[in-house]
> 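Take a look at the following structure, please.
Side chains included, hydrogens not; waters and symmetry mates left out as well; all remaining heavy atoms used. Not measured: the values here are computed from a predicted model. Proteins come first, then strands; the chains are lettered A, B, ... in the order of their sequence lines, and each starts at number 1.
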There are 2 protein chains.
Amino acid sequence: MTDALDTVFAALADPTRRTILAMLLEDDMAVTDVAEPFDISLAAISKHLTILTRAGLISQDKRGRVKWCKLEPDAMRAASVWMQGFGQFTPVDLDDFEKFLEAELGD
Amino acid sequence: MTDALDTVFAALADPTRRTILAMLLEDDMAVTDVAEPFDISLAAISKHLTILTRAGLISQDKRGRVKWCKLEPDAMRAASVWMQGFGQFTPVDLDDFEKFLEAELGD
DNA sequence: ATTATCGTCAACCATTTGGTTGAATATACG
DNA sequence: CGTATATTCAACCAAATGGTTGACGATAAT
């Protein structure tokens with residue numbers, strides 16, 4: 001009885017994982033490159049990626065010895081719709097969102 | 001350095017808490033009445049309500065010996081905007097959402 | 001063939017989470 | 001006053017979470 005919303009919201013609750021998703025918004029990335037900006041072990045990043053994959057938020061495609069991570073934003077749709085049912089939030093200003101992302105990615 | 005998004009998404013990751021929010025969409029409720037449909041102890045519900053309060057998703061107003069719980073949907077705005085940055089999801093069909101809620105509330 | 005790189009696995013650890021029960025604190029009722 | 005109701009607190013427990021390290025299986029490079 002564990003809902004898809006459970007795993008999506010739980011995946012989004014961790015700041016490392018949200019940052020990873022924001023990174024993947026710019027481009028597909030190999031696991032090692034995803035890990036590079038973080039101060040935690042590669043194994044820890046690997047676990048985060050597994051959680052994101054199980055939530056459907058990313059997909060992983062192994063080509064040769066490198067595994068490419070790709071954002072799958074559709075997995076957010078149900079959760080997004082659920083939340084919007086609680087209020088009509090201001091329409092998304094994508095410029096604002098980009099500024100927000102730049103701040104969060106710290107560059 | 002624990003983000004507001006952390007606590008909001010974490011609060012939403014639990015199905016009991018999401019159901020409580022959906023219940024509060026219809027009306028403000030006392031703690032005991034919130035607990036009634038669930039098969040867990042009142043103390044457990046009290047903890048869930050504390051988590052929702054700390055996330056800002058509800059407020060609690062004690063009048064006499066009863067504590068009224070009120071939905072605070074504005075707390076979802078930042079999280080909703082964050083998610084929408086990942087894709088332009090279909091505009092919310094409120095009729096669909098109500099059907100969904102009825103199903104989730106099981107009545 | 002050897003060595004280096006990519007990524008996961010397994011075992012472990014500390015902390016958090018979601019639940020329990022029983023006692024405690026208010027407030028309301030008769 | 002004494003009792004019932006509403007809610008939280010405290011102590012406890014099992015399971016999940018996020019992290020570590022070291023070994024391991026692939027694949028690529030020299």
> To the nearest 0.5 Å, how far apart are CD in A:Q84 and CZ in A:R77?
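Between atom CD of A:Q84 and atom CZ of A:R77 there are 11.0 Å.
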
> Answer yes or no: does a side-chain N or O of B:H48 lie under 4.0 Å from OP1 or OP2 of C:dT17?
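No.
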
> Over all strands shown, is B:I51 touching base, sugar-phosphate only, or nothing at heavy-atom distances under 4.0 angstrom?
sugar-phosphate

> List the atom of B:C69, the atom of B:Q60, and the distance in Å for their closest heavy-atom pair.
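Closest approach of B:C69 to B:Q60, heavy atoms only: SG-NE2, 3.8 Å.
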
> Indicate the atoms forming the closest heavy-atom contact of A:A75 with A:G56, along with that distance.
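Residues A:A75 and A:G56, closest heavy atoms: CB-O, 3.2 Å.
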
> Here's a test of your reading of the structure: between B:L49 and A:A13, which maps to the more 5' nucleotide of DNA chain D?
B:L49

> B:L71, B:W68: one ILVMFWY side-chain cluster at the under-4.5 Å cut-off?
no

> Taking any atom closer than 4.0 angstrom to a non-hydrogen atom of chain A, what span of DNA chain D does the protein reach, first nucleotide to last?
D:dG18 to D:dA28

> Quick check on the hydrophobic clustering: are A:V66 and A:I20 connected, directly or via other members, by side-chain heavy-atom contacts under 4.5 Å?
no

> Polar-atom pairs under 3.5 Å, protein N or O versus N or O of nucleotides 13-16 of chain C: list them with distances, or write none.
none

> Considering only heavy atoms, which members of residues 33-41 of chain A lie under 4.0 Å from some atom of DNA chain C?
none

> Is B:L21 close to A:W82 at the side-chain level, that is, under 4.5 Å between some pair of heavy atoms?
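Yes. Closest side-chain heavy atoms under 4.5 Å.
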
> Let me know the distance between CD1 of A:I45 and P of C:dG7, rounded to the nearest Å.
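Taking atom P of C:dG7 as the reference, CD1 of A:I45 is at 12 Å.
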
> Any idea which heavy atoms bring A:V8 and A:A79 closest together, and the distance?
CG1-CB, 4.0 Å

> Looking only at non-hydrogen atoms, find the nearest pair between A:I51 and A:A11 and report the distance.
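Reported closest heavy-atom pair: CG2-CB, 4.1 Å.
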
> Among residues at least two apart in sequence or on other chains, which ones pass side-chain contact (heavy atoms from CB on, under 4.5 Å) with A:A10?
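Here the qualifying residues are B:A13.
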
> Indicate the atoms forming the closest heavy-atom contact of A:G85 with B:L25, along with that distance.
O-CD2, 4.3 Å

> B:L42 has an atom CG; how far is it from atom C1' of C:dG19, in whole Å?
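Result: 13 Å.
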
> Counting primed atoms plus P, OP1 and OP2 as sugar-phosphate and everything else as base, spell out the protein contacts along nucleotides 22-30 of chain C at 4.0 Å heavy-atom distance: B, S or - for each nucleotide, 5' to 3'.
-----BS--

> For residues 27-40 of chain B, dump all side-chain donor-acceptor pairs below 3.5 Å to protein atoms at least two apart in sequence or in another chain.
none

> Between B:R18 and A:D3, which heavy-atom pair has the shortest distance, and what is it?
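In terms of heavy atoms, the two residues are closest at NH2-CB, 3.6 Å.
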
> Please report the interatomic distance CD1(A:I58) to NZ(A:K70), rounded to the nearest 0.5 Å.
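Atom-to-atom, A:I58:CD1 and A:K70:NZ are 11.0 Å apart.
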
